[in-house]
Number of protein chains: 2
Amino acid sequence: MPNVAALPLIQPEVEPCCPPLAERPLTADEAERTAKMFKALGDPVRLRLFSAVASHEGGEACVCDISDVGVSQPTVSHHLKKLKEAGLLSSERRGTWVYYRVEPAVLAAMGALLTKAAAA
Amino acid sequence: MPNVAALPLIQPEVEPCCPPLAERPLTADEAERTAKMFKALGDPVRLRLFSAVASHEGGEACVCDISDVGVSQPTVSHHLKKLKEAGLLSSERRGTWVYYRVEPAVLAAMGALLTKAAAA
DNA sequence: CACCTGTATCGACACTCGTCAACATAGACA
DNA sequence: TGTCTATGTTGACGAGTGTCGATACAGGTG
């Protein structure tokens, strides 16, 4: 398989998560999917890594810029992978370094989910 | 130990969580506190229970109204306790039944935290 | 008082998760 | 090619978590 030129890494048709939280009780499936994202932010180290990326210039940071969270390098890598699997971050290799960036759409959806619940 | 009359279970002076997520990297302490709340929503059963309370009339529901999430009664009680400890729900006994209600301020803070991160 | 219903706690178990050291892989450069 | 740095993966271990049955507690009713 040669280079498959511009894979559609962003799927706009996939709604990230989020039936509004206070509108009706979530179904088991909806809860399962939504919980994954909250769970990803439910660890202090991941939250610090995520915050470091989000607050970095352009919402993007090299791993080397954010690895200073008091755990070993493999652990950092592991947590970044989790955040990526949850859809909160995406990664791209540029030369020697790997850059992680936030996925604003997913974040906005999660935020709206909570904000609407608070307003109800 | 007789009844210790009205322990101050709610501490209003405790600000719920939330240094804005994309403004600067979270400190270890901030991350620890904030992660607790996300963690509380990181379980499908808790998310369903929370959604059931939030979507109920007046943002308040009796346990008996929301226990239908496919786990045993002790497990439901355990999860509601977790949500309460995280500051997302509060409870009150009225006669035979116990009512849980959402804490809108905490939710709004969490929502803002994410929304601001998305906007950055 | 006894009894019933609704909710919380306890104790145990299986499973998941965070962490690390060791190793593997990818790219840059000589 | 070889070597160095940056990052990811593997395997293992201990701590934490979700779940349940059994039990305890609270309040209503008779």
Side-chain angles (χ1 to χ4, degrees), chain A residues 1 3 26 28 31-32 34-50 52-53 56 60-86 88-101, chain B residues 1-7 9 26 28 31-32 34-50 52-53 56 60-86 88-101:
Chain A
M1 188 185 342
N3 53 348
L26 259 53
E32 200 82 37
T34 309
K36 280 202 179 102
M37 305 189 316
F38 283 112
K39 194 174 192 175
L41 292 180
D43 178 88
V45 173
R46 280 199 292 271
L47 208 46
R48 289 186 75 187
L49 288 171
F50 182 83
V53 173
H56 211 264
E60 173 180 281
C62 165
V63 177
C64 55
D65 291 327
I66 60 175
S67 300
D68 209 12
V69 289
V71 295
S72 69
Q73 176 269 321
T75 302
V76 169
S77 190
H78 172 246
H79 283 307
L80 287 172
K81 186 179 182 182
K82 284 288 191 76
L83 287 167
K84 200 170 146 187
E85 287 172 351
L88 299 175
L89 293 180
S90 59
S91 69
E92 180 193 359
R93 173 156 224 140
R94 285 207 289 279
T96 304
W97 294 282
V98 176
Y99 291 83
Y100 282 80
R101 64 183 345 151
Chain B
M1 190 188 334
N3 51 350
V4 193
L7 281 171
L9 290 177
L26 260 52
E32 200 82 38
T34 309
K36 280 201 180 103
M37 307 190 314
F38 283 112
K39 195 174 192 174
L41 292 180
D43 177 89
V45 173
R46 279 198 293 272
L47 208 46
R48 290 186 74 187
L49 288 171
F50 182 83
V53 173
H56 211 265
E60 172 180 280
C62 166
V63 177
C64 57
D65 291 328
I66 60 176
S67 301
D68 209 11
V69 288
V71 295
S72 69
Q73 178 270 321
T75 302
V76 169
S77 189
H78 172 245
H79 283 307
L80 287 172
K81 187 179 182 181
K82 285 287 191 79
L83 287 166
K84 199 171 146 187
E85 287 171 351
L88 299 176
L89 293 180
S90 58
S91 69
E92 180 192 358
R93 173 155 225 139
R94 285 208 287 279
T96 304
W97 294 281
V98 176
Y99 292 83
Y100 281 79
R101 63 183 346 152

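We use all heavy atoms of the structure for the numbers below, so side chains are in, but hydrogens, waters and symmetry mates are not. Order of the sequence lines fixes the chain letters, A, B, ..., with proteins taken first and strands second; residue numbering starts at 1 for each chain.
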Open item on the list: When you measure from the side-chain N and O atoms of Lys82(B) to the phosphate of dT17(D), is any distance below 4.0 Å, counting only OP1 and OP2?
Closed with: no

Task: Below 4.0 Å: OP1/OP2 of dT7(D) and any side-chain N or O of Lys81(A) - done: no

- [ ] Could you tell me whether the phosphate oxygens of dT17(D), OP1 or OP2, come under 4.0 Å of any side-chain nitrogen or oxygen in Arg46(B)?
- [x] no

Dump the pairs, protein N or O against N or O of nucleotides 26-30 of chain C, anything under 3.5 Å, distances to one decimal.
none

Open item on the list: Please tell me if Tyr100(B) has a side-chain N or O lying less than 4.0 Å from either OP1 or OP2 of dG6(C).
Closed with: no

Task: Atom pair distance, as rounded to whole Å: CG in Leu49(B) and P in dA8(C) - done: 11 Å

TODO: Report the C-alpha separation of Arg94(B) and Glu60(B) in whole Å, then their side-chain angles, then the decisive distance to 0.1 Å, and conclude whether the salt bridge (Lys or Arg N to Asp or Glu O under 4.0 Å) test is met.
DONE: CA-CA 12 Å; Arg94(B) 285 208 287 279; Glu60(B) 172 180 280; 2.6 Å; yes

Open item on the list: Test of understanding: with side chain to side chain contact (heavy atoms under 4.5 Å, CB included), list the residues that count as partners of Ser72(B), not counting sequence neighbours.
Closed with: Pro74(B), Thr75(B)

Open item on the list: Any residue in residues 65-75 of chain A with a heavy atom nearer than 4.0 angstrom to DNA chain D? Just list them by number, or reply none.
Closed with: Gln73(A), Pro74(A)

- [ ] Compare side-chain N and O positions of Lys39(A) against OP1 and OP2 of dT16(C) and report whether any pair is under 4.0 Å apart.
- [x] no

Open item on the list: Within the structure provided, determine whether Lys84(A) and Tyr100(A) are in side-chain contact (heavy-atom separation under 4.5 Å).
Closed with: yes

Open item on the list: For the backbone of Val63(A) and the side chain of Ser67(A), can you confirm whether one donor and one acceptor N or O come within less than 3.5 Å of each other?
Closed with: yes

Open item on the list: For Ala40(A), is there any backbone N or O sitting under 3.5 Å from a side-chain donor or acceptor partner on Arg46(A)?
Closed with: yes

- [ ] May I ask you to say what Val76(A) touches in the nucleic acid, namely base, sugar-phosphate or nothing, with a heavy-atom cut-off under 4.0 Å?
- [x] nothing

Open item on the list: Considering every strand and a 4.0 Å limit on heavy-atom distances, what is the contact class for His78(A): base, sugar-phosphate, or nothing?
Closed with: base

- [ ] Assign Tyr99(B) to base, sugar-phosphate, or nothing according to its heavy-atom contacts below 4.0 angstrom with the strands shown.
- [x] nothing

TODO: Keeping the roles fixed (side chain from Arg101(A), backbone from Ser90(A)), state whether a donor-acceptor pair exists under 3.5 Å.
DONE: no

Task: Minimum-distance nucleotide (side-chain atoms of Trp97(B) versus dG18(C), dG8(D), dT7(C)) - done: dT7(C)

Open item on the list: Within the structure provided, determine whether Cys62(B) and Asp65(B) are in side-chain contact (heavy-atom separation under 4.5 Å).
Closed with: yes

Open item on the list: Are Leu41(B) and Leu83(B) packed together at the side-chain level, in the sense that at least one heavy-atom pair is separated by less than 4.5 angstrom?
Closed with: yes

Task: Heavy-atom pair with the smallest gap, counting every atom of Asp68(B) and Arg48(B) - done: O-NH2, 4.3 Å

TODO: Whole angstrom is fine here: how far is it from NE2 in His79(B) over to C1' in dT9(C)?
DONE: 15 Å

TODO: Give the rounded distance in Å between these two atoms: CG of Leu80(B) and C1' of dT19(D).
DONE: 15 Å

